[in-house]
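Every value quoted in this text rests on a predicted model; they were computed, and no experiment measured them. Values below: every heavy atom of this structure, side chains too, minus hydrogens, waters and symmetry copies. Order of the sequence lines sets the chain letters (A, B, ...), proteins ahead of strands, with each chain counted from 1.
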Amino acid sequence: MLNAAQERAVAHLSGPCLVIAGAGSGKTRVITHKIARLLRAGLEPEQIAAITFTNKAAAEMRERAAQLVDKRGVAGKLAISTFHALGVRMLRESGEALGLKPRFSILAADDVTGLLRDAGATTDNAQARRWQWTISLWKNAMLTPEAAARVAENDDERVAAKVYARYADMLQAYQAVDFDDLIWLPVTLLQQHAEVREHWQSKLRYLLVDEYQDTNAAQYDLLRLLVGDKGRFTAVGDDDQSIYGWRGATLDNLRRLETDWPTLEVIKLEQNYRSTNAILRAANAIIQSNPKLYPKSLWSEHGEGEAVEVRAAQNEDEEAQMVAARIQALRSGRNAELAHIAVLYRANHQSRPLEQALRRANIPYVVSGGQSFFDRAEIKDVCAYLRLLANPDDDPAFLRAVTTPRRGIGPQTLAALSSFAGQWKISLFEALSRDSMPAAVGARPSDHLREFGRLLHDIEWRARTAPAGELLREMLETIGFRAWLEEHSDNPREAEQRWKNVDDFCGWIERKAEEDKVGLTQIAQTVSLITQLQERGDQRDAVTLCTLHAAKGLEWPHVVLAGCEEGLLPFFTEDRPLTPAALEEERRLMYVGVTRARQTLVLSWCQKRKQGRGAAGRTPSRFIDEMQTGQPKVSNKDAAMARIAALRSRLGAAAEESAEAKP
DNA sequence: TTTGCGGTCCTTTTT
DNA sequence: GGACCGCAAA
């Protein structure tokens, strides 16, 4: 069943273990078998934690573990989750030590942008997003607002540090956390409270970390605090597949492992069970231009297979048509199932022309990742009600719910209510029930507000007994949500689609409530962490469209990698030049894409691609060249562009300085 | 004061 | 093609 290296990785239980797992070398199999081995060695299932990066990977891991060990629902007790879900669990159970109530809200990225606009007193969304980016990196590096202010190197960063401090206060007031907090608050918790640390160390006796190369500094700290000094963990990763540097992931974590744990056992998995040699050779030719942390050479017993194809198209529409034709050919020519075909790309917006072409050709598809179900406006509206129900301190949720649908409450009223709540240092929701509220906002608006408050109180009361799905549907009926969607859609078709989304969401809540035997309030607490609903059964036989990042860890017999062009893969723009480090990461991304394919692989690129209003001429990705020659391709243009960009940013900074000096 | 409408800008990758 | 801003009407 297991090869020699896999068996060694599974058998090593006595100390820390690092498994360097090449693409397709069976790392999920190693993790699941190791879980089985740990159970046999006497650990209770709830003492074993397996940590992944995506919900999808966690779900797959759960399923594979269940196949292997399931008797009496043992697999269901395993702590298999994403880093972030584990963080939520820790904070719900032990977060009070940090002043966080168990019913805290989890904010989505858009909510955070909105708060940062407020915190920085600006309407500039782009600026807010830049702050968001900076603050996120700070949190991932475990920097408090005070520490950030100390390390800030220029005025921009000093302003960002101030915004960060205000933002942190707002989160505290709203009893809300963002995604980064889900890692860094648990770290703080374990650092500052010895009894909590001991509690969790004895609760989770063995940790298995998947995609270890993508951990950032905060995640490493969390890992170390959880395993204590016993080193009861296995990290599985591949330095060639590290593609989250932009999120603070660092290969230092891979290097640190050997210094922090001298007894670390390092095991390499080099036999590939996935791809043909033609595909592996292409992958190796690309990745060999990168410096190596753990050199390895992948080999496969599968035959040579079909050659990797490169195809050029005129523009993205033609590329999409070509992809559709390719899929038809795979289907009719070799009876390929649609579920065995994937189209991968660098950026989410590339899915649009592809989707159009597939619809025209009547090819069913699912877009994985990208604009998630929960990003849709109508779903966020419903979630705002749920969040408010779970956590009445959640002012952002209050603001969204109270204005959706319109109920005669506008910005003026809300500004008055906010300043009233601010005076008393209470949440907006709590402000509703204060006797002096009507005097602050006026008689008529206060009636509307009170009515909204009664609605929520009523739902909250009934949530204790009524089934979640039923209650939710009833609430949507009461607020006239369907009618509101109809009014606010451009056409009946769109309204219908949006209502269907809401209806699917209600159905999902219903099932979830049944399965977990929980009420609406508890579901509301976890909703922000879920990124996608379970695929519906009727879409089983469908082509997968997804980004390269979302494709990591997955595989398909037939893969098309679209948009293999300079500027897109590797990605760069005029003001974001390609640094050597970025180029290496883009190359790893390409490597990840190529190694998703089992049997056939097509790389396509466009001679022209729409950019803003016009269309820009494009050249094929240097990775295509590297794949064919096995040599890194360095162009003078890169060096020149990097120089120009550096010059420009210097000039820009100088211009800003002189502009600031004038007034 | 609230709400609806039309023009403008922007689009790397994710939990 | 979507989110957001500014403007005009109820």
- Item | side chain to side chain donor-acceptor pair (under 3.5 Å) assessment of T619(A) paired with E566(A) | CA-CA 6 Å; T619(A) 53; E566(A) 284 294 292; 5.4 Å; no

- Message: Looking at L116(A), is its backbone amide N or carbonyl O close enough to the side chain of Y167(A) to form a donor-acceptor pair, meaning the two atoms are under 3.5 Å apart?
- Response: no

- Over all heavy atoms of both residues, which pair between L569(A) and S621(A) is shortest? Give the atoms and the distance, please. O-OG, 2.8 Å

- Considering only side-chain heavy atoms of A550(A), which listed nucleotide, dT12(B), dT14(B), dT15(B), is closest? dT14(B)

- Item | Spacing between D111(A) atom CG and dA3(C) atom P, to the nearest angstrom | 14 Å

- Would you verify whether the NZ or CZ of R92(A) falls within 45 degrees of the ring axis of F104(A) while also being under 6.0 Å from that six-membered ring's centre? yes

- Task: Can you check whether any acceptor in the base of dT11(B) is under 3.5 Å from a donor in the side chain of H349(A), or vice versa?
- Result: no

- Please give, in whole Å, the distance from dT13(B) C1' to D214(A) CG? 11 Å

- Task: Check whether any side-chain N or O of T547(A) sits under 4.0 Å from OP1 or OP2 of dT14(B), and answer yes or no.
- Result: yes

- Think N140(A) has a side-chain N or O under 4.0 angstrom from the OP1 or OP2 of dT15(B)? no

- Which nucleotide in the set dT14(B), dT15(B), dT11(B) lies at the smallest distance from any side-chain heavy atom of N348(A)? dT14(B)

- Query: In whole angstrom, what separates L137(A)'s CG from dT14(B)'s C1'?
  - Reply: 13 Å

Could you go through nucleotides 1-7 of chain B and list every protein N or O atom that sits under 3.5 Å from one of its N or O atoms, giving the distance for each pair?
{"unit_1": "dT1(B)", "atom_1": "OP1", "unit_2": "Q412(A)", "atom_2": "NE2", "d": "3.1"}
{"unit_1": "dT2(B)", "atom_1": "OP1", "unit_2": "G410(A)", "atom_2": "N", "d": "3.1"}
{"unit_1": "dT2(B)", "atom_1": "OP1", "unit_2": "T413(A)", "atom_2": "N", "d": "3.3"}
{"unit_1": "dT2(B)", "atom_1": "OP1", "unit_2": "T413(A)", "atom_2": "OG1", "d": "2.5"}
{"unit_1": "dT2(B)", "atom_1": "OP2", "unit_2": "Q412(A)", "atom_2": "N", "d": "3.0"}
{"unit_1": "dT3(B)", "atom_1": "OP1", "unit_2": "G408(A)", "atom_2": "N", "d": "3.1"}

- Message: Using 0.5 Å steps for rounding, measure from the CG atom of L561(A) to the CZ atom of R596(A).
- Response: 11.5 Å

- Query: Using centres under 5.5 Å plus planes under 30 degrees as the test, is W246(A) stacked with dT13(B)?
  - Reply: yes

- Message: Applying a 4.0 Å non-hydrogen cut-off, can you work out what R588(A) is touching in the nucleic acid: base, sugar-phosphate, or nothing?
- Response: nothing

- Task: State whether D239(A) and R588(A) are salt-bridged, where the test is any N-O pair (Lys NZ or Arg NE/NH1/NH2 against Asp/Glu carboxylate O) under 4.0 Å.
- Result: no

- When the distance from CZ of R576(A) to P of dT13(B) is rounded to whole Å, what number comes out? 11 Å

- Query: Touch check for F83(A), heavy atoms < 4.0 angstrom, all strands: base, sugar-phosphate only, or nothing?
  - Reply: nothing

- Message: Can you tell me how the ring of W133(A) sits relative to the ring of W246(A), calling it parallel under 30°, perpendicular over 60° and tilted otherwise?
- Response: parallel

